[in-house]
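No hydrogens, no waters, no symmetry mates; every other heavy atom, side chains included, goes into these values.
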Amino acid sequence: MNVEVRNLRAGYGAKLVLDGVDAEILEHGVVTLLGPNGSGKSTLLKTIGRILTPRSGEILLSGRSLSAWKTGELARRMAILPQLHHTSGELTVEELVAFGRFPHRGLHPLPGARDREMIERALSMTRMTEFRRRSMNTLSGGERQRAWIAMTLAQEPELLLLDEPTTFLDIRCQFEIIELIRELNRNAGITVLMILHDLNSALRCSDRLIMLRDRKVRYAGTPEELMKPEILREIFEIEAEFFRGKDGRLGCLPVAPAGRKENG
């Protein structure tokens with residue numbers, strides 16, 4: 001599912017957070033929103049996810065206006081995982097994942113064969129099968145995040161929206177979640193739009209980056225196109241150096257606030 005954002009204006013109360021935003025998320029790609037705090041990343045994600053109503057402008061999903069989609073129909077095509085999510089700690093992983101099937105079950109109170117199939121598939125794809133009977137409150141932070149992602153996968157989305165999926169996780173868990181997202185994109189063809197703060201995580205898994213600042217999209221392009229000192233200086237007010245890892249992937253090393261480059 002591809003997404004087009006046209007001249008979008010959105011905010012909260014009297015506060016305008018996005019002002020004339022244009023963006024495109026191509027089908028089957030992984031796109032990451034980057035920018036300083038308050039730049040409008042979460043507002044853009046929530047507006048695309050129809051959690052927030054835009055003041056003006058237009059959002060198209062596969063060429064069709066977002067406002068024209070019925071709620072149930074949209075829930076069968078798009079899933080969103082906010083930054084903060086809570087559930088009863090007594091709920092098992094399998095029970096949580098089963099919630100993802102609600103948009104497909106209609107008036108049927110009990111899961112059918114397709115529901116069971118997709119729950120199994122979601123558990124397998126996130127490597128959570130062995131945890132299925134475990135209560136959520138017995139899991140580590142990384143395991144809980146994988147369980148929540150499994151719930152969104154059970155929804156069978158074509159478009160997956162993730163708001164800072166690695167927040168509060170240790171470095172290893174962050175790495176595992178980023179690799180999982182990339183695997184899901186490659187193996188299931190899910191279009192992913194997410195927010196990240198870590199530049200190297202974004203570089204590792206993204207096909208395209210969208211950089212926001214001061215209520216607008218300032219840059220959009222591939223990591224190779226956007227990882228330039230002058231761009232990071234403008235967007236994040238940092239001085240940065242770039243390198244290639246042993247795997248050939250581009251990496252970024254912030255070295256100082258903008259205007260003051262460290263020696264040595």
Side-chain angles (χ1 to χ4, degrees), residues 1-11 15-49 52 54-61 66 83 159-167 174 178 181-182 185 191-245 248-261:
M1 175 178 281
N2 67 296
V3 182
E4 295 177 70
V5 179
R6 299 176 178 174
N7 197 29
L8 182 69
R9 299 176 77 247
K15 184 179 180 182
L16 185 65
V17 180
L18 299 174
D19 187 9
V21 164
D22 294 297
E24 185 175 12
I25 294 89
L26 299 178
E27 191 170 21
H28 303 313
V30 176
V31 179
T32 299
L33 301 176
L34 295 171
N37 291 336
S39 60
K41 302 182 299 297
S42 289
T43 301
L44 179 56
L45 196 79
K46 290 176 182 177
T47 309
I48 294 173
L52 184 65
R55 297 185 183 181
S56 62
E58 188 174 29
I59 298 174
L60 302 175
L61 299 184
L66 180 62
Q83 181 181 359
L159 173 64
L160 179 58
L161 309 179
L162 302 170
D163 192 348
E164 299 187 36
T166 59
T167 298
Q174 290 179 30
I178 289 299
I181 291 168
R182 192 56 176 164
N185 166 257
T191 304
V192 178
L193 175 64
M194 64 180 170
I195 297 171
L196 291 174
H197 278 292
D198 183 73
L199 290 174
N200 284 303
S201 293
L203 292 176
R204 187 168 189 85
C205 68
S206 306
D207 298 306
R208 291 181 64 81
L209 307 173
I210 295 176
M211 294 185 173
L212 296 95
R213 187 178 176 91
D214 300 329
R215 302 185 296 184
K216 296 183 181 295
V217 171
R218 297 297 183 185
Y219 298 97
T222 66
E224 295 282 350
E225 292 169 339
L226 300 190
M227 284 298 109
K228 298 178 180 178
E230 61 272 19
I231 292 180
L232 296 193
R233 192 177 300 125
E234 176 184 345
I235 298 297
F236 297 103
E237 299 182 2
I238 59 169
E239 303 291 350
E241 297 175 354
F242 304 95
F243 60 91
R244 295 280 179 186
R249 297 185 184 184
L250 183 64
C252 174
L253 178 65
V255 295
R260 179 172 61 84
K261 191 165 184 177

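Across every non-hydrogen atom of C252 and L232, the tightest pair is SG-CD1, 3.7 Å. Of all the heavy atoms in K228 and E225, the pair that sits closest is CE-O, 3.1 Å. Nearest approach of L193 to I25, heavy atoms of both residues: CD1-CG1, 4.0 Å. Considering all non-hydrogen atoms of both residues, M1 and L159 come closest at SD-CB, 4.0 Å. The shortest heavy-atom contact between R215 and V21 is O-CG2, 3.5 Å. Smallest separation of non-hydrogen atoms from C205 and M194: SG-CE, 3.1 Å.
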Q.
One pair to check against side-chain contact (heavy atoms from CB on, under 4.5 Å): V3 and I59. What are the steps and the verdict?
A. CA-CA 7 Å; V3 182; I59 298 174; 4.2 Å; yes
Q.
For H197 and N37: C-alpha separation, side-chain torsions, deciding distance, then whether side-chain contact (heavy atoms from CB on, under 4.5 Å) applies.
A. CA-CA 9 Å; H197 278 292; N37 291 336; 3.3 Å; yes
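Between Y219 and L34, every side-chain heavy-atom pair lies at or beyond the 4.5 Å cut-off. The shortest side-chain heavy-atom distance between N200 and D198 falls under the 4.5 Å cut-off. Put simply, the side chain of L196 reaches to within 4.5 Å of the side chain of P165, judged on heavy atoms.
Between L18 atom CG and K216 atom NZ the span is 9.5 Å, to the nearest 0.5 Å. Here CG of D207 is found 4.0 Å from CZ of R182. Values are rounded to the nearest 0.5 Å. With rounding to the nearest 0.5 angstrom, the CE atom of M211 is 5.0 Å from the CG atom of L226. R208 CZ to L26 CG: the interatomic distance, rounded to the nearest 0.5 Å, is 6.0 Å. Distance check: T167 OG1 to Q174 CD gives 8.0 Å after rounding to the nearest 0.5 Å. Rounded to the nearest 0.5 Å, atoms CG (L199) and CD1 (I235) are 11.0 Å apart.
Side-chain N or O atoms of T47 include none that pairs as donor or acceptor with a backbone N or O of P54 at under 3.5 Å. The closest donor-acceptor contact from the side chain of N185 to the backbone of H28 lies under 3.5 Å. For D22 (side chain) and N7 (main-chain N/O), a donor-acceptor pair under 3.5 Å exists by modelled atom type. Remark: side-chain polar atoms of R55 are not paired, donor with acceptor, to backbone N or O of R9 under 3.5 angstrom. Between the side chain of K41 and the backbone N or O of L212, no donor-acceptor pair lies under 3.5 Å.
Among residues two or more places apart in sequence or in another chain, the side chain to side chain donor-acceptor pair (under 3.5 Å) test is passed with E230 by none. Partners of E234 according to the salt bridge (Lys or Arg N to Asp or Glu O under 4.0 Å) rule, which considers only residues two or more places apart in sequence or in another chain, do not exist here.
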